Number of protein chains: 2
Amino acid sequence: MAKSPTTRDAVVPVLAEAFREHGYEGASMSVLQEASGLGRGSLYNFFPAGKEEMARAVLDDIRSWFAERVFAPLRAAAGGDRASAQAGIAAMLDEVDGYFRSGRRICLQGAFALGRERDRFAEAVGGYFSEWADALAAALGASGAPEPRALALRIVGAIQGGIVLARALDDPGAFVAALDDARRAARVEAQTRKD
Amino acid sequence: MAKSPTTRDAVVPVLAEAFREHGYEGASMSVLQEASGLGRGSLYNFFPAGKEEMARAVLDDIRSWFAERVFAPLRAAAGGDRASAQAGIAAMLDEVDGYFRSGRRICLQGAFALGRERDRFAEAVGGYFSEWADALAAALGASGAPEPRALALRIVGAIQGGIVLARALDDPGAFVAALDDARRAARVEAQTRKD
DNA sequence: GTCTATAAAGCGATAGAC
DNA sequence: GTCTATCGCTTTATAGAC
């Protein structure tokens with residue numbers, strides 16, 4: 001049995017997993033209580049505004065993780081030559097594969113985008129995707145791709161679609177294939193201008 | 001004010017829209033009652049097993065619509081020559097664009113795939129996507145694409161990802177772009193073997 | 001700061017009048 | 001067949017003991 005987290009920072013990732021597994025509405029206080037091992041009083045002590053504040057903290061935490069492990073490396077790669085930009089994009093896709101556990105783990109922002117949660121968390125959801133697309137477009141541009149913005153949206157979309165398909169078909173291979181396609185697309189488009 | 005539907009068949013599309021807008025959990029009996037203009041008694045008369053039966057009827061109705069307007073034409077196109085197969089694929093993408101209203105309307109099966117509903121409706125969700133992918137793969141094969149199955153999954157995934165992005169970024173253009181990419185990919189791959 | 005008990009509202013489902 | 005009233009349960013949030 002895992003030890004109960006004792007700080008707000010430590011409980012956020014646990015809540016994140018509960019939200020991913022049960023959805024926003026499905027993650028009732030009882031579920032969150034059991035997942036965290038904390039009593040109701042402790043949870044409301046950490047998050048006085050209740051469930052909505054918890055979800056906001058979770059979305060923010062996910063975005064921080066991506067900012068550090070995905071967006072920042074992409075922007076760094078965009079500052080180098082074509083080869084390093086391409087390497088940075090490939091590294092991003094590996095990082096993403098690990099994060100989503102080959103499609104077995106959902107993207108909370110993506111799931112929120114499809115539901116009622118979209119309105120309440122619009123800024124967090126939209127910001128996450130536009131930051132991702134911006135960073136990826138920068139790296140794609142540096143890699144030599146002719147239409148980096150469009151390709152970035154295509155790749156981020158393919159990743160989201162891959163998660164949907166992997167879960168719908170109960171086959172992680174659908175997500176892995178989507179990532180492979182993204183890798184290939186990034187490579188091919190980069191060569192388009194490698195004249 | 002729209003007239004209240006008086007048959008089970010007529011109420012299903014209304015319930016479908018309510019489920020799309022509110023999600024499975026968010027579509028409470030009160031919401032479904034208000035959306036349909038029917039009393040609780042009528043709804044339970046049509047769907048004795050309650051909400052779950054309503055959702056099943058909705059998923060089945062959507063699948064029927066796709067079977068008639070999307071899957072069957074694709075399979076018919078697959079039986080013709082390369083040109084007609086390509087035309088069938090293009091027509092499918094137009095049909096899909098209209099159905100999802102350029103990304104303003106979500107795919108209920110896709111949304112269910114990302115949530116808890118996936119387990120309860122696994123067969124309906126998985127069947128929808130595999131039927132779609134199968135029909136599209138057949139048409140792609142007939143169009144001359146070298147790896148029709150992989151490309152079919154890529155295209156269906158891109159459509160789902162396009163819906164996620166369009167809603168997350170509050171920009172239907174993201175969905176339209178995903179469809180354009182799909183159109184291009186189907187055309188390019190078909191030419192690959194046009195030797 | 002953490003707990004339990006409870007309040008107030010909403011849920012899905014049912015019963016019974018008509 | 002359609003309605004309203006209501007049951008039993010769960011929800012989020014709060015209050016008060018420790």
Side-chain angles (χ1 to χ4, degrees), chain A residues 1-59 108 111-112 115-121 124, chain B residues 1-59 108 111-112 115-121 124:
Chain A
M1 175 96 176
K3 188 172 167 289
S4 299
T6 48
T7 66
R8 190 188 137 115
D9 282 356
V11 77
V12 170
V14 177
L15 298 177
E17 208 51 39
F19 279 120
R20 271 188 283 259
E21 281 173 21
H22 299 271
Y24 181 70
E25 301 196 77
S28 68
M29 290 304 299
S30 311
V31 165
L32 297 171
Q33 198 175 330
E34 191 161 347
S36 66
L38 295 171
R40 250 170 168 66
S42 301
L43 286 175
Y44 274 97
N45 179 50
F46 287 144
F47 310 94
K51 199 168 148 174
E52 178 165 340
E53 190 178 347
M54 297 183 207
R56 266 179 220 290
V58 163
L59 290 173
L108 201 59
F112 277 19
R116 277 267 91 157
E117 301 82 14
R118 183 189 74 144
D119 300 327
R120 204 191 296 207
F121 304 105
Chain B
M1 174 94 176
K3 188 172 167 290
S4 300
T6 49
T7 64
R8 192 189 136 116
D9 282 357
V11 76
V12 170
V14 177
L15 298 178
E17 207 51 40
F19 278 120
R20 271 189 282 259
E21 280 173 22
H22 299 270
Y24 181 70
E25 301 197 78
S28 67
M29 289 306 300
S30 312
V31 166
L32 298 171
Q33 200 174 329
E34 191 160 347
S36 65
L38 295 171
R40 229 153 247 251
S42 300
L43 286 175
Y44 274 95
N45 179 49
F46 287 143
F47 310 93
K51 199 169 149 175
E52 179 166 339
E53 189 178 347
M54 298 182 207
R56 268 180 218 289
V58 163
L59 291 173
L108 200 59
F112 277 18
R116 278 268 87 160
E117 300 82 14
R118 182 188 73 145
D119 300 327
R120 203 191 297 208
F121 303 105

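Residue numbers start from 1 in every chain, and the chains themselves are labelled A, B, ... in the order their sequence lines are given, proteins ahead of strands. Just so we're clear, the structure is a prediction, and the values are computed from it rather than from any experiment.
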Which of D/dT2, D/dT4, D/dA13 is nearest the side chain of B/R40? It is D/dT4
Choosing from D/dA13, D/dT2, C/dA13, which nucleotide comes nearest the side chain of B/S42? D/dT2
Note: A/V12 and A/A57 closest approach over all heavy atoms is CG1-O, 3.8 Å
Please enumerate all protein N or O atoms sitting under 3.5 Å from an N or O of nucleotides 15-18 of chain D, with distances to 0.1 Å.
none

Nearest whole Å is fine: how far is C/dG12 P from B/R120 CZ? 11 Å
Check this for me, if you would: do B/E53 and B/R8 make a salt bridge, where the nitrogen-to-carboxylate-oxygen distance has to be below 4.0 angstrom? yes
Residues 37-46 of chain B side chain polar contacts: donor-acceptor under 3.5 Å, at least two apart:
| unit_1 | atom_1 | unit_2 | atom_2 | d |
| --- | --- | --- | --- | --- |
| B/R40 | NE | B/Q33 | OE1 | 3.0 |
| B/R40 | NH2 | B/S30 | OG | 3.4 |

Would you mind reporting whether A/M54 and A/M29 have side-chain heavy atoms less than 4.5 Å apart? yes
Quick one: salt bridge (charged side-chain N to carboxylate O under 4.0 Å, His left out) partners of B/E21, sequence neighbours excluded? none
From CZ of A/F47 across to P of C/dT2 the rounded distance in Å is 12 Å
Apply side chain to side chain contact (heavy atoms under 4.5 Å, CB included) to residues A/F19 and A/L32 and explain how you reach the verdict. CA-CA 8 Å; A/F19 279 120; A/L32 297 171; 4.2 Å; yes
Could you please name the option among D/dA13, C/dT2, C/dG12 that lies closest to any side-chain atom of A/F46? C/dT2
What pair of heavy atoms forms the shortest contact from A/A27 to A/A18, and how long is it? CB-O, 4.2 Å
Do you know which two heavy atoms are closest between A/S36 and A/V14, and how far apart they sit? CA-CG1, 3.9 Å
Take atom OH of A/Y44 and atom P of D/dT11, then tell me their distance rounded to the nearest Å. 12 Å
Counting only side-chain heavy atoms from C-beta out, which of D/dG1, C/dC3, D/dA13 sits nearest to B/N45? D/dG1
Whole-Å distance, A/Q33 CD to D/dT11 C1', equals 13 Å
Between B/V31 and B/G26, the two heavy atoms sitting closest are CG2-O, 4.0 Å
Within residues 10-32 of chain A, those residues having any heavy atom closer than 4.0 Å to DNA chain C are none
Per the under-4.0 Å heavy-atom filter, residues of residues 52-59 of chain A near DNA chain C come out as none
Evaluate side chain to side chain contact (heavy atoms under 4.5 Å, CB included) for A/R120 paired with A/F112, printing each intermediate quantity in order. CA-CA 9 Å; A/R120 204 191 296 207; A/F112 277 19; over 6 Å; no
With sequence neighbours excluded, residues passing salt bridge (charged side-chain N to carboxylate O under 4.0 Å, His left out) with B/E17: B/R20, B/R105
Separation of atom CG in B/L43 from atom C1' in D/dC3, rounded to whole Å: 12 Å
